[in-house]
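Here's the structure we're looking at; comments come further down.
Each ligand, and each atom within it, is numbered from 1 in the order the structure gives.
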Amino acid sequence: MKLFIDSGNLKEIESLVPLGIIDGITTNPSLLAKEPGDYKQILKKICQIVQGPTSAEVVATDAEGMIREGRELAAIDDHIVVKVPFTREGVKACKALSSEGTRVNVTLIFSPAQALLAAKVGATYVSPFVGRLDDIATSGMNLISEIVEIFENYQFTTEILVASTRGPMHIIEAARMGADICTCPAKVIDALFNHPLTDIGLANFLKDWEKAQSVRA
Ligand code: G3P
């Protein structure tokens with residue numbers, strides 16, 4: 001399963017990419033609005049750092065505007081994936097952009113029906129938001145399992161990009177279900193590393209080693 005960072009913050013991205021576990025980046029208007037500077041330059045820099053798919057979202061709400069913005073975003077770098085919201089206009093824009101060879105990530109997916117329609121218009125990725133469903137007492141992970149089943153039934157090549165992840169269990173469950181990608185805030189990726197037994201085990205190995213060295217000395 002691929003791991004993306006859900007962030008527009010260059011420091012977070014620069015600190016995680018050298019670990020070798022990051023396959024791409026997702027941004028959205030809320031994330032980029034937090035970052036000072038020109039968003040196009042930030043996106044370019046992100047692409048140069050990660051050298052992998054980098055989602056950049058349109059803010060137009062009509063298909064024509066989305067297509068125009070999508071083309072502008074795609075021109076920033078070959079790694080850019082144009083993100084459009086799941087609306088009727090977004091579906092039209094996805095069809096048009098995908099037909100001209102631009103990769104599209106259809107976002108704000110909250111039902112299997114929406115994922116199915118996005119796949120039918122050639123989306124490269126669908127982004128179901130698991131955390132926001134959990135927030136309203138609906139299982140986000142059930143949605144992932146339904147989309148996995150539907151896409152397998154028809155061999156859609158659209159990848160399932162699990163978004164709005166809030167903790168390590170979202171990532172583990174997504175991997176068990178066979179989702180293609182999880183996009184995670186940096187703090188969720190950090191949490192994947194942690195296990196107290198690893199820390200205790202390493203401390204003990206080092207202590208035993210030092211003890212043996214001092215006896216030999
Ligand atoms: O990029 C979209 C997404 O992952 C949103 O997450 O935490 O704002 O629901 P969140």
Original post:
Okay, side chain of Lys95, backbone of Val121: is any donor-acceptor separation there less than 3.5 Å?
Top reply: no
Original post:
With sequence neighbours excluded, what pairs up with Ile21 under the side-chain contact (heavy atoms from CB on, under 4.5 Å) test?
Top reply: Leu3, Leu19, Ile189, Phe193
**OP:** Go through the structure and list residues passing side-chain hydrogen bond (donor to acceptor under 3.5 Å, both in side chains) with Arg132, not counting sequence neighbours.
**Re:** none
Side-chain donor-acceptor pairs of residues 138-146 under 3.5 Å, sequence neighbours excluded:
{"unit_1": "Thr138", "atom_1": "OG1", "unit_2": "Ile136", "atom_2": "O", "d": "3.3"}
{"unit_1": "Ser139", "atom_1": "OG", "unit_2": "Met141", "atom_2": "N", "d": "3.4"}
{"unit_1": "Ser139", "atom_1": "OG", "unit_2": "Asn142", "atom_2": "N", "d": "3.0"}

Original post:
Is Arg71 close to Leu97 at the side-chain level, that is, under 4.5 Å between some pair of heavy atoms?
Top reply: yes
**OP:** Could you name the protein residues that come within less than 4.0 Å of ligand 1, counting only heavy atoms, and order them by chain and residue number?
**Re:** Asp6, Asn28, Lys83, Phe129, Arg132, Ala163, Ser164, Arg166
**OP:** In plain terms, say whether Lys11 and Glu14 are close enough for a salt bridge, that is, a side-chain N and a carboxylate O under 4.0 Å apart.
**Re:** no
